[in-house]
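Here's the structure, in C-alpha cells; my notes come after.
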Amino acid sequence: MIYLMRHGADPVDRYGGWSEYGLTEVGRSQVNSAKHKLLGKGITGIYSSDLNRAKETAEIVADVLSLKITYLPQFREVNNGLLAGMKKVEAVEKYPGKYFRTLDWAETWPEGESPEQFFRRIKSAWYSFKKRLEAEMCYWSLMAE
C-alpha cells in the first residue's frame, strides 16, 4: 500500500513550483492534524520531494512515525522556472497569462519545464520508484525467511 500526502499550505501570495519557501503556520498545523491518521497503517518508509515545504511535511510525519526520510528530487513539483517563489502580483505583470492550465503541452515556463516535460519526468520517476519498492520488498522478504 502506498499512501500519498500533499504538503501543507505554503505562502498563498507566491508561486510554488520549485520555490524554496517552506510551510506557513497554517501548513504546519494541517500536517500536525493529519499525521496521527497515519499511525497504525504499517508504514515502513517515507519518501519526499526535496523542496522545503515537502521536506517540512515529511519531517513532521517522520517524527510521529519514528521513520527516516528518503528524499527524491525527481518527485519535485513542476519546474516553473523564473516564477518559482515570485509574488503572484509581480508574476502577472512580468508574465501575463502564464499559468499551468494555460500552457500548451510543449510550452515551457520561462526557464522552466513544459507540461509535457513535467509529465514525462514524473512518469519516469513513478516507474523507477515502483521498481525500487519492489526490490526493497523482495529484500525484506528474503531477510524474513
Side-chain angles (χ1 to χ4, degrees), residues 1-92 94-95 98-103 105 107-145:
M1 177 68 68
I2 297 174
Y3 294 91
L4 299 177
M5 182 175 186
R6 186 185 188 277
H7 61 76
D10 55 340
V12 296
D13 64 331
R14 295 186 176 273
Y15 269 92
W18 284 20
S19 161
E20 287 302 318
Y21 284 93
L23 299 177
T24 61
E25 285 301 317
V26 169
R28 282 187 281 284
S29 178
Q30 290 169 332
V31 179
N32 278 304
S33 294
K35 69 184 180 184
H36 298 290
K37 295 177 183 175
L38 298 172
L39 289 169
K41 300 285 187 192
I43 296 171
T44 59
I46 297 176
Y47 301 86
S48 172
S49 157
D50 65 343
L51 292 171
N52 287 336
R53 59 194 176 273
K55 286 169 67 172
E56 281 185 72
T57 299
E59 289 165 4
I60 293 169
V61 172
D63 185 53
V64 77
L65 297 178
S66 299
L67 292 170
K68 75 177 192 89
I69 305 164
T70 302
Y71 295 104
L72 302 170
Q74 62 270 33
F75 278 115
R76 283 181 165 206
E77 191 171 331
V78 67
N79 179 358
N80 57 348
L82 298 176
L83 284 83
M86 185 180 288
K87 286 194 174 247
K88 289 179 179 176
V89 294
E90 181 184 351
V92 167
K94 287 185 174 182
Y95 305 101
K98 285 286 184 188
Y99 304 101
F100 189 79
R101 69 180 184 276
T102 63
L103 292 176
W105 183 240
E107 181 184 3
T108 62
W109 288 97
E111 296 187 27
E113 65 188 345
S114 70
E116 179 183 20
Q117 290 167 327
F118 174 63
F119 172 79
R120 292 183 191 288
R121 175 171 56 85
I122 294 299
K123 181 180 175 184
S124 173
W126 181 251
Y127 285 119
S128 295
F129 179 68
K130 282 179 47 181
K131 284 181 185 173
R132 175 185 182 154
L133 289 182
E134 289 167 1
E136 287 177 12
M137 292 304 293
C138 286
Y139 172 77
W140 289 113
S141 176
L142 291 172
M143 293 287 290
E145 293 176 358

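Since the structure is predicted, the reported quantities are computational estimates derived from the model, not experimental observations.
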Is there a side-chain contact (heavy atoms from CB on, under 4.5 Å) between Leu23 and Thr57? Walk through the geometry before answering. CA-CA 8 Å; Leu23 299 177; Thr57 299; 3.7 Å; yes
Arg132/Glu136 under salt bridge (Lys or Arg N to Asp or Glu O under 4.0 Å): CA gap, chis, key distance, verdict: CA-CA 6 Å; Arg132 175 185 182 154; Glu136 287 177 12; 3.2 Å; yes
Nearest 0.5 Å, please: how far is CG in Asp10 from OG1 in Thr24? 7.0 Å
Is any side-chain heavy atom of His7 closer than 4.5 Å to a side-chain heavy atom of Glu77? yes
Does any part of the side chain of Asn80, heavy atoms only, come nearer than 4.5 Å to the side chain of Met86, both counted from C-beta? no
Decide if atom NZ of Lys94 counts as having more than 12 heavy atoms of other residues, nucleotides or ligands within a radius under 6.0 Å. no
Ring centroid separation for Phe129 and Tyr47, is it under 6.0 angstrom? yes
What's the shortest heavy-atom distance between Ala91 and Leu83, and which atoms? CB-CD2, 3.8 Å
Can you sort out the partners of Arg28 under side chain to side chain donor-acceptor pair (under 3.5 Å), two or more places apart, ordered by chain and number? Glu25, Glu56
Do Ser48 and Glu59 have side-chain heavy atoms sitting under 4.5 Å apart? no
When you look at CD of Glu116, are more than 12 heavy atoms from neighbouring residues, nucleotides or ligands closer to it than 6.0 Å? yes
Could you report the tightest heavy-atom contact between Thr44 and Leu67, atom names first, then the distance? O-CD2, 3.7 Å
Could you go step by step and tell me if Leu65 and Leu39 meet the side-chain contact (heavy atoms from CB on, under 4.5 Å) rule? CA-CA 7 Å; Leu65 297 178; Leu39 289 169; 3.6 Å; yes
The reported gap from CD in Glu113 to CZ in Arg120 (rounded to nearest 0.5 angstrom) is 12.0 Å
May I have the step-by-step check of side-chain contact (heavy atoms from CB on, under 4.5 Å) for Lys55 and Ile69, ending in yes or no? CA-CA 9 Å; Lys55 286 169 67 172; Ile69 305 164; over 6 Å; no
Which pair of heavy atoms, one from His36 and one from Asn32, lies closest together, and at what distance? CD2-O, 3.6 Å
How many angstroms lie between OH in Tyr127 and CD1 in Ile122, if you round to the nearest 0.5 Å? 13.0 Å
With distance as the sole test, does Arg76 use its side chain to make a donor-acceptor pair with the main-chain N or O of Ser49 at under 3.5 Å? no
Check: Leu51 and Ser19 side chains under 4.5 Å, non-hydrogen atoms: no
May I ask you to test the Val61-Ile43 pair for a side-chain heavy-atom distance under 4.5 Å? no
Should the pair Trp109 and Phe100 be assigned to parallel (<30°), tilted (30 to 60°) or perpendicular (>60°) ring geometry? parallel
Minimum heavy-atom separation for Trp18 and Ala84, please, with both atom names. C-CB, 3.7 Å
Quick one: do Glu90 and Arg14 satisfy salt bridge (Lys or Arg N to Asp or Glu O under 4.0 Å)? Show the steps, please. CA-CA 9 Å; Glu90 181 184 351; Arg14 295 186 176 273; over 6 Å; no
What are the two closest heavy atoms between Gly22 and Asn52, and how far apart are they? CA-CB, 4.1 Å
Go through the steps for Tyr15 and Tyr99 under the test side-chain contact (heavy atoms from CB on, under 4.5 Å), then give the verdict. CA-CA 10 Å; Tyr15 269 92; Tyr99 304 101; 3.4 Å; yes
Closest heavy-atom pair, Arg121 versus Asn79, reported as atoms and distance to 0.1 Å, is NH2-N, 4.1 Å
Partners of Gln74 by side chain to side chain donor-acceptor pair (under 3.5 Å), sequence neighbours excluded? none
Check: Ser33 side chain, Ser29 main-chain N or O, donor-acceptor pair, under 3.5 Å: yes
